[in-house]
2 protein chains.
Amino acid sequence: MVNKIRFERDNVIRVASQLFWQKGFYATSTRDLQEAVNMRPGSIYAAFGSKEGLYSESLKDYTVQMKSQIEGFLSSADSVLGGLRAFVENVVIETKDCCPSAICMLVKANSEFSEKHSRLYTLSVELAAEFESYLTQLFEQAINNGELNNTLTGLEYARFFQVQFTGLRGYFNRPNVDKLAQPMINQMFMLMKTL
Amino acid sequence: MVNKIRFERDNVIRVASQLFWQKGFYATSTRDLQEAVNMRPGSIYAAFGSKEGLYSESLKDYTVQMKSQIEGFLSSADSVLGGLRAFVENVVIETKDCCPSAICMLVKANSEFSEKHSRLYTLSVELAAEFESYLTQLFEQAINNGELNNTLTGLEYARFFQVQFTGLRGYFNRPNVDKLAQPMINQMFMLMKTL
DNA sequence: TTTTAACTTGAGCAGTCGCTCAAAATCAAA
DNA sequence: TTTGATTTTGAGCGACTGCTCAAGTTAAAA
């Protein structure tokens, strides 16, 4: 029973997450959310406290989902870089049109909350830092595997990856540039071995 | 007299632009704007028609300002790449804390308007395309000057520049990474000559 | 079957939103 | 001055915002 509730709670968060990711925090009204998750305001506020509370859970869940997506690609790839490349290609090319937004929800959050002392801005920074150290581990593994040379640290590769990935997703958040995606991803991974 | 009005109109747009850039379209209320530009609602609506109208003018003005800022750096640099580098350094390092946002207003607009058929999303795409062809001209000039080799076209360099620049600005929209800015900009321009 | 605690419902509150428009103010031309 | 066109003012409209809470529903425990 406890598991049942947990399951449904996770489901609600996932649905809310999609809506928040697509429309952003401010442009998503509580009535939009009520309809999307099929709950009345009282239930939502009993479960999450506030719109901000539900957004917090949504953003946390987003990063969990993203990590587990990467894990998936890693486990069916023969190298760390191969897995990351498959992930990037999937995000930028394949799921481009069946995704709430081309832009990473973390990046969107980071740019939406201009008040640098607000809870949600702070949360977005924390989650981004967490994700960066996750990536750092992966790149350290790639260095150890000999996939990348060790002139850069894992953290430096992680930073490079984030800048490229964010830049690419921003660039492809517009129409009529689909054919450029694959060559630009190739360039990104080529450059990474150049560093 | 006509010039007087135009001057004040431009001034209003510039002030509104700063506020919209900082807070985004949805989080900026018409009352915020009224206070910032010191105009009563009737005057604003007589001059700009709607909140959307004022935002349109603000976004257009932003790209004009950005271009003229680049022109400034170009005219006091001894090469196209030198001018662009000075511009990037100025944006990412020097004006980091005295700027409405670390993120380019065009990029913010592009990510904020999820409705792909809305006026404002379309406008952001158009202005981005315009800016890309402006950059393309600059990079063609750089190729002709022998600053860059011609294995890539001006357009391809322009795309690379945008991805890097957007990626960097996104990355530095968080605290405690200031010391990384200069080395990462150096890396960006080093890579550009590698391509 | 009754009790009790947990959860859900939805009408509706106080406040804010984008925006309007009649009245007042302004100013150049007559 | 007077006139008439233009601009500014701000009270306030209807819609929507995030959110509350008394009343109703549910289901496990007694």
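Chain naming here is simple, since letters A, B, ... match the order of the sequence lines and numbering starts at 1 in each.
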In whole angstroms, how far is the P atom of D/dG18 from the CG atom of A/L54? 11 Å

I would like to know whether A/N186 and A/Q182 meet side chain to side chain donor-acceptor pair (under 3.5 Å); could you show each step before the answer? CA-CA 6 Å; A/N186 293 344; A/Q182 189 63 64; 3.1 Å; yes

Taking DNA chain D as the partner, which of residues 37-45 of chain A come within under 4.0 angstrom of it by heavy atom? A/P41, A/G42, A/Y45

Between atom CZ in A/R9 and atom P in C/dC7, what is the gap in whole Å? 11 Å

Salt bridge check: are A/K60 and A/E57 linked by an N-O gap of less than 4.0 Å? yes

Report the distance from atom OH of B/Y55 to atom P of C/dC19, rounded to the nearest whole Å. 15 Å

Any residue meeting salt bridge (charged side-chain N to carboxylate O under 4.0 Å, His left out) with B/E89, in chain and number order, not counting sequence neighbours: B/R85

Hits for salt bridge (charged side-chain N to carboxylate O under 4.0 Å, His left out) against B/E71, two or more places apart or cross-chain, chain-then-number order -> none

To the nearest Å, how far apart are B/E35 CD and C/dG18 P? 14 Å

At their closest point, which heavy atom of B/I143 faces which heavy atom of B/N149, and how far apart are they? CG1-O, 4.3 Å

Give the other cluster members for A/V107, using side-chain heavy-atom distances under 4.5 Å between Ile, Leu, Val, Met, Phe, Trp and Tyr residues; answer none if it is isolated. A/I103

Round to a whole Å and report the spacing from CD of A/Q34 to C1' of C/dG12. 13 Å

Tell me the interatomic distance from A/K51, atom NZ, to D/dT20, atom C1', rounded to whole angstroms. 17 Å

Hey, what's the ring geometry for B/Y62 with B/W21, parallel, tilted or perpendicular (30° and 60° as the breaks)? perpendicular

For DNA chain D, which residues of residues 24-33 of chain A approach it to below 4.0 angstrom with any heavy atom? A/T28, A/S29, A/T30, A/R31

side-chain hydrogen bond (donor to acceptor under 3.5 Å, both in side chains) with B/S58: which residues, sequence neighbours excluded? none

